[in-house]
Amino acid sequence: MLGSSNSVTSFHKQFQPNDISDCELYLNYGDGIVLDGTAVDSWRDQSGNGLFAVSPTDAKRPVYNGTHLTFDGSNDYMHIQTTTTQDDDANQITLAISGGWTFIGIYTSTDWDGTIQAISGDPDNSQNFIRHDTDNTIDVKASNTIRTFTLDDPATLTDNQYYLIEVSRVQAGTTTIYIDGTAQGDTESSASALLVEQIGGKLAASNALAGNIKHIVLYNKVLTAAERTLLVEWSQQYIG
């Protein structure tokens, strides 16, 4: 562990999630955001893969608040694309079956146990998504297989509080969710790839996120314990 607040601050400035190998997508609220007024026109990926998150129309853009992007819970969402052109043709990121995958988001919800809200989803047929449900659960649907993970530690999540959410498909197809670095008690078997096309919702406005996002990170592998520790330490400046 790092020994002082000064060293932690220095560490945070030096380390970024794309320093870990096999980073497929890294959306960071502090980099690559192009605005139209206060609305987000595009959000450039920091992984080096040349991707963008792009709002399909003016009316569906989240608002940028300097430290986060706010999604309105109605129709705000962003597509993953290879160009900044605004259209509805999303590019699919497919995270591995054989080697495992990891999805990370730092975000809030205005109503954790009241409405279904997706962090990510498939805008076309709802076959893949990661979302929280109305009873403090996280639903993971990867390649037509749905798994639900109960958030038993903490027992409830606080509205408008930021959490580090990690969903990881690990050895032998077991999928685990971590909240602020703590593995939840329920794990599920899933041999499926995760497809990521849309941030902040699934099936267009269905299950749209009402809350804020600071970071989205995707890895085409399972993180090691050391890598997970690095990300938990890095996240301390953003959560809570």
Side-chain angles (χ1 to χ4, degrees), residues 11-32 42-54 78-83 90-107 118-122 127-131 138 140-143 145 147 149 163-184 187-200 213-239:
F11 169 83
H12 289 153
K13 289 181 178 178
Q14 293 174 12
F15 173 80
Q16 294 295 324
N18 57 345
D19 293 335
I20 295 174
S21 65
D22 299 305
C23 183
E24 294 292 310
L25 180 74
Y26 173 29
L27 298 175
N28 174 350
Y29 77 85
D31 294 301
S42 64
W43 192 6
R44 181 187 287 272
D45 169 32
Q46 301 300 307
S47 73
N49 292 325
L51 299 171
F52 295 82
V54 180
M78 305 191 80
H79 282 157
I80 304 301
Q81 297 183 181
T82 55
T83 74
N91 293 296
Q92 177 175 294
I93 297 176
T94 302
L95 300 178
I97 295 176
S98 59
W101 48 262
T102 304
F103 178 101
I104 288 173
I106 296 180
Y107 82 114
I119 314 173
S120 73
D122 181 340
Q127 296 304 306
N128 292 268
F129 56 77
I130 294 176
R131 69 185 186 188
I138 293 288
V140 180
K141 191 170 186 179
S143 297
T145 301
R147 306 295 181 187
F149 302 89
Y163 294 93
L164 173 67
I165 307 292
E166 176 188 340
V167 181
S168 184
R169 180 189 176 274
V170 296
Q171 68 277 1
T174 299
T175 304
T176 302
I177 184 170
Y178 301 83
I179 309 293
D180 291 346
T182 300
Q184 303 305 288
T187 61
E188 297 284 352
S189 176
S190 174
S192 300
L194 180 70
L195 315 180
V196 180
E197 295 183 45
Q198 185 167 288
I199 302 299
I213 291 178
K214 292 189 176 184
H215 303 276
I216 295 290
V217 191
L218 309 179
Y219 294 98
N220 209 20
K221 69 173 185 179
V222 175
L223 298 179
T224 66
E227 289 169 336
R228 185 172 294 114
T229 296
L230 282 174
L231 286 163
V232 170
E233 292 176 345
W234 162 81
S235 74
Q236 296 309 297
Q237 61 187 325
Y238 304 114
I239 64 176

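The analysis underlying the following values was restricted to heavy atoms, covering all of them including side chains, and did not include hydrogens, waters or symmetry mates.
- For the pair Y163 and I239, the minimum side-chain heavy-atom distance is 4.5 Å or more.
- Listed for the S168 side chain is no donor-acceptor partner under 3.5 Å among the backbone atoms of V222.
- Side-chain contact between F103 and I119 is present, with at least one heavy-atom pair separated by less than 4.5 Å.
- Put simply, the side chain of Y107 never gets that close to the backbone of I165: no donor and acceptor are under 3.5 Å apart.
- Side-chain contact between L231 and P17 is present, with at least one heavy-atom pair separated by less than 4.5 Å.
- Checked against side-chain hydrogen bond (donor to acceptor under 3.5 Å, both in side chains), E166 has the following partners two or more places apart in sequence or in another chain: R228.
- Counting heavy atoms from C-beta on, the side chains of E24 and L51 never come closer than 4.5 Å.
- Side-chain atoms of N28 come within 3.5 Å of backbone N or O of G30 as a donor-acceptor pair.
- Note on ring orientation: taking the six-membered ring where Trp is involved, the planes of H215 and Y26 are parallel (angle under 30°, cut-offs 30° and 60°).
- In this structure, CG on D45 lies 7.0 Å from CD1 on I93, to the nearest 0.5 angstrom.
- Using a distance-only test at 3.5 Å, with no hydrogens or angles considered, no donor-acceptor pair links the side chain of R169 to the main chain of A193.
- With hydrogens and angles disregarded, a donor-acceptor distance shorter than 3.5 Å links the side chain of N220 to the backbone of A96.
- Remark: L25 CG to Y219 OH distance equals 10.5 Å, nearest 0.5 Å.
- W101 places no side-chain N or O within 3.5 Å of a backbone atom of T94 that could act as its donor or acceptor partner.
- Contact check for I138 versus Q184: no side-chain heavy atoms found under the 4.5 Å cut-off.
- The CH2 atom of W234 sits 7.5 Å away from atom CG of L164, with the distance rounded to the nearest 0.5 Å.
- Side-chain contact between L223 and I104 is present, with heavy atoms from C-beta onward closer than 4.5 Å.
- Atom CG of N128 and atom OG of S120 lie 8.5 Å apart (nearest 0.5 Å).
- Side chains of I80 and E197 form no contact here, defined as non-hydrogen atoms less than 4.5 Å apart.
- For the pair I213/W43, a side-chain contact is recorded, criterion being any heavy-atom separation below 4.5 Å from C-beta on.
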